[in-house]
Peer 1: 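Can you keep this structure in mind? I'll have questions shortly.
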2 protein chains.
Amino acid sequence: MSQTVDRALSILPLLAEGPADLGQVADRLGVHKSTALRLLRTLHDHGLVYRQSDQRYRLGARLFALAQEAMENLDVREIAHPHLVRLGEACGHTVHLAVYEEGEVLYIDKVDSRYPVRMYSRIGKPVAITVAAVAKLLLADLPEPERRAVAESLDYPLYTARSTPDAAAFLKELATVREQGWATDLGGFEESINCVAAPIRGADGRVVAAMSVSAPNVVVTADELLTLLPLVRRTADAISDEYSGRTPVTDPAKDTA
Amino acid sequence: MSQTVDRALSILPLLAEGPADLGQVADRLGVHKSTALRLLRTLHDHGLVYRQSDQRYRLGARLFALAQEAMENLDVREIAHPHLVRLGEACGHTVHLAVYEEGEVLYIDKVDSRYPVRMYSRIGKPVAITVAAVAKLLLADLPEPERRAVAESLDYPLYTARSTPDAAAFLKELATVREQGWATDLGGFEESINCVAAPIRGADGRVVAAMSVSAPNVVVTADELLTLLPLVRRTADAISDEYSGRTPVTDPAKDTA
DNA sequence: ATGGCTGTTGCATGTTGTGCAACGTGCCTG
DNA sequence: CAGGCACGTTGCACAACATGCAACAGCCAT
């Protein structure tokens, strides 16, 4: 591991606590002032550190820009896909990945047990938003005014007798889902199809996508499907960790004391 | 400037474009793979870089955390936020807060009328510096040599027919803005969007931030938007007072209406 | 003025980062 | 199934580069 870079990077969390001057930085790094100066200058040239008018240093603006750009280039689907495939192989049912966008919920990936191939044909199709388990999770995480606005602007078609009947019922269901952190669709769209779903969250905790496992009654009962919930949630959490760049276990030997 | 650190930091913007593998990083840095490996490892140990399951590298979670903390250390934002929210509720339009740093102008807070949530997603994005009302205010306050230097180093993209065409026009506009103490952007970035902006000043009178109200033509005409100017200026002044410690009322809930 | 404090510079030293070459491994191709 | 290729990884010798020292320069307070 590169010592120089190590020292330089150690400055960042230090400055995150608040602005500091050269002497403080040098002290806390345990290096000479001139060394700290050169490190800070390099950080400064890259915009990671900003020198305010009182000559003290603080974290710089480029940090935002970097985080921002990285977020935009993050592809949930790319990261999620291998996890979905593994889940599909493990449980043998259909796995979906969906996102919310502009009042709609869209499937962006699908893995079927028998043919673990992306079925682009289905991807992009709008989801039955009032009943699908993934839709409930995605809508449940919206800020209250938008959630309400969306819920009230929707149609509530009665696909089956168990479909969500109206906005009031839907909002109540969303509250439950938000509370428990997972969702189901038990015959709300097709009488014979059940789903369990779990949310995928970004670094800030907001739900960026949702995934579900679906199976027809003739294969497994709803109760049997529900036994898969822990596995689904674990998969979703694994995707969340990877998506948000939290390294779950890189080196099991090392641990921060 | 430290070469090693310089190289290591150059990796960050590179990864911000999207995930890359070791070879690509080494190539774009112009160094040996083993060198790139050690740099990446160091970055990884600090959590700035994350290694996803396909072994490619991308920016890591610590970076987001740092950006977050850096933003929270900007006390202007903290002080301004409640004022911005109140203004947003009062006028119903989008409110922005921006600062100048190292030749760039960036949004550090945003309040939208319908969804009064911090939209981190937009924050950090570089502002259209040659046309945005807030950018004019921030640049107008720079010391003359720097203002000139920045103005002449900029590109002047013609977003619309009303965009600032060149450095000369920009400097002239800055002089006007500096004189009158407020600024507008009338369709200079998007044909249908207008803004009015006012400066936030520190105790020494220097502009530390700028805020604006933006609205599309279809909602209010430019003339109607201009009637909000007194309100915007009053809000900016209230923030200035509080920021500079000259807070007339200790109760931040009450505001001059 | 003058002392102490801070940030800054030039330079000799040796620590540290570097590139090379060789190894291991997984994947695709013949 | 074997072979080859591409990629990540390791150990090492060399010298480039980061380091700390000492001396300089500005600034404020005494």
Side-chain angles (χ1 to χ4, degrees), chain A residues 1-12 14-15 17-46 48-60 78-79 81-83 85-86 89 116-118 242 245 247 249-254, chain B residues 1-12 14-15 17-46 48-60 102 143 145 203-204 206:
Chain A
M1 192 176 64
S2 169
Q3 182 187 81
T4 314
V5 179
D6 183 42
R7 285 172 171 169
L9 297 182
S10 301
I11 294 178
L12 296 178
L14 194 152
L15 289 184
E17 298 171 14
D21 62 25
L22 180 62
Q24 294 169 335
V25 172
D27 278 352
R28 293 200 45 183
L29 276 188
V31 298
H32 202 89
K33 281 183 299 185
S34 59
T35 308
L37 179 68
R38 233 157 351 92
L39 296 178
L40 280 165
R41 275 225 256 261
T42 310
L43 290 168
H44 178 94
D45 288 349
H46 285 260
L48 298 185
V49 144
Y50 176 71
R51 191 150 204 200
Q52 41 190 28
S53 45
D54 62 353
Q55 295 226 322
R56 290 190 307 168
Y57 295 91
R58 65 168 174 76
L59 294 182
E78 191 182 343
I79 290 172
H81 191 70
H83 295 269
V85 170
R86 224 171 305 133
E89 287 167 352
V117 191
R118 271 189 206 165
E242 190 169 338
T247 159
V249 182
T250 309
D251 182 2
K254 287 262 183 153
Chain B
M1 193 175 64
S2 168
Q3 183 187 77
T4 314
V5 178
D6 183 43
R7 284 172 172 170
L9 296 182
S10 300
I11 294 178
L12 297 178
L14 194 152
L15 290 184
E17 297 172 14
D21 62 27
L22 180 62
Q24 294 169 337
V25 172
D27 277 352
R28 293 199 46 183
L29 276 188
V31 298
H32 201 88
K33 280 184 300 185
S34 59
T35 306
L37 179 68
R38 240 160 345 94
L39 295 177
L40 280 166
R41 275 224 258 260
T42 310
L43 290 168
H44 179 92
D45 288 349
H46 285 260
L48 298 185
V49 144
Y50 177 73
R51 191 148 205 203
Q52 42 187 33
S53 48
D54 60 356
Q55 295 228 317
R56 289 188 306 166
Y57 294 91
R58 40 164 278 236
L59 296 183
E102 311 268 327
D204 53 0
R206 290 206 44 193

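Keep in mind that this is a model prediction, so the values were computed, not measured. As a basis for the values below, the full set of heavy atoms in this structure was taken, side chains included, without hydrogen atoms, waters or symmetry mates.
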Peer 1: With sequence neighbours left out, what residues match B/Arg41 under salt bridge (charged side-chain N to carboxylate O under 4.0 Å, His left out)?
Peer 2: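 Salt bridge (charged side-chain N to carboxylate O under 4.0 Å, His left out) check on B/Arg41 returns nothing, list empty.
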
Peer 1: Which pair of non-hydrogen atoms, one from B/Tyr57 and one from B/Leu15, has the smallest distance, and what is that distance?
Peer 2: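 Smallest heavy-atom distance, with atoms named: O-CD2, 3.6 Å.
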
Peer 1: Suppose we screen for salt bridge (charged side-chain N to carboxylate O under 4.0 Å, His left out). Which residues come up paired with B/Arg56, at least two apart in sequence or across chains?
Peer 2: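 Salt bridge (charged side-chain N to carboxylate O under 4.0 Å, His left out) list for B/Arg56, sorted by chain: A/Glu78, B/Asp54.
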
Peer 1: Just by protein heavy atoms under 4.0 Å, how would nucleotides 12-20 of chain C read 5' to 3' in B, S and -?
Peer 2: ----SSBBB

Peer 1: Measure the spacing between CG of A/Leu9 and CG of A/Leu39 and express it to the nearest 0.5 Å.
Peer 2: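 Result: 9.5 Å between the selected atoms.
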
Peer 1: Strictly distance-based, threshold 3.5 Å: is any side-chain N or O of A/Thr35 a donor or acceptor partner for the main-chain N or O of A/Val31?
Peer 2: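 No; judged by distance alone, with no hydrogens or angles, the pair does not exist.
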
Peer 1: Side-chain donor-acceptor pairs under 3.5 Å in residues 19-30 of chain A, sequence neighbours left out?
Peer 2:
unit_1  : atom_1 : unit_2  : atom_2 : d
A/Asp21 : OD1    : A/Gly23 : N      : 3.3
A/Asp21 : OD1    : A/Gln24 : N      : 3.0
A/Gln24 : OE1    : A/Asp21 : N      : 2.9
A/Arg28 : NH1    : A/Glu17 : OE1    : 3.1

Peer 1: Measure from CG on A/Leu22 to P on C/dT8 and round the result to the nearest Å.
Peer 2: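 Value for this atom pair: 7 Å.
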
Peer 1: If I compare all heavy atoms of A/His44 with all of A/Tyr50, which pair ends up nearest, and what's the gap?
Peer 2: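 Residues A/His44 and A/Tyr50, closest heavy atoms: ND1-CA, 4.4 Å.
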
Peer 1: For the helix from C/dA1-D/dT30 to C/dG30-D/dC1, how many degrees between its two end axes (five pairs per end), to the nearest 10°?
Peer 2: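 Terminal axis comparison yields 30°.
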
Peer 1: So where does chain B start and stop touching DNA chain D, 5' to 3', when the test is distance under 4.0 Å to a non-hydrogen atom?
Peer 2: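 With heavy atoms of chain B under 4.0 Å away, the range is D/dG8 to D/dA18.
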
Peer 1: When rounded to the nearest 0.5 angstrom, what distance separates CG in A/Leu48 from CG in B/Leu12?
Peer 2: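 Nearest 0.5 Å value for the CG-CG distance: 6.5 Å.
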
Peer 1: Give the rounded distance in Å between these two atoms: CD of A/Gln55 and C1' of C/dC5.
Peer 2: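 In whole Å, C/dC5 C1' and A/Gln55 CD are 12 Å from each other.
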
Peer 1: How is B/Arg51 classified with respect to the nucleic acid when contacts are heavy atoms under 4.0 Å: base, sugar-phosphate, or nothing?
Peer 2: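 Sugar-phosphate, no base atom in range.
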
Peer 1: For B/Met1 and A/Arg38, work out which heavy atoms get closest and say how close.
Peer 2: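 Where B/Met1 meets A/Arg38 most closely, the heavy atoms are N-CG, 4.2 Å.
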
Peer 1: Can you give me the closest heavy-atom contact between B/Thr4 and A/Ser2, atom names plus distance?
Peer 2: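 Taking every non-hydrogen atom into account, CG2-OG, 3.5 Å.
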
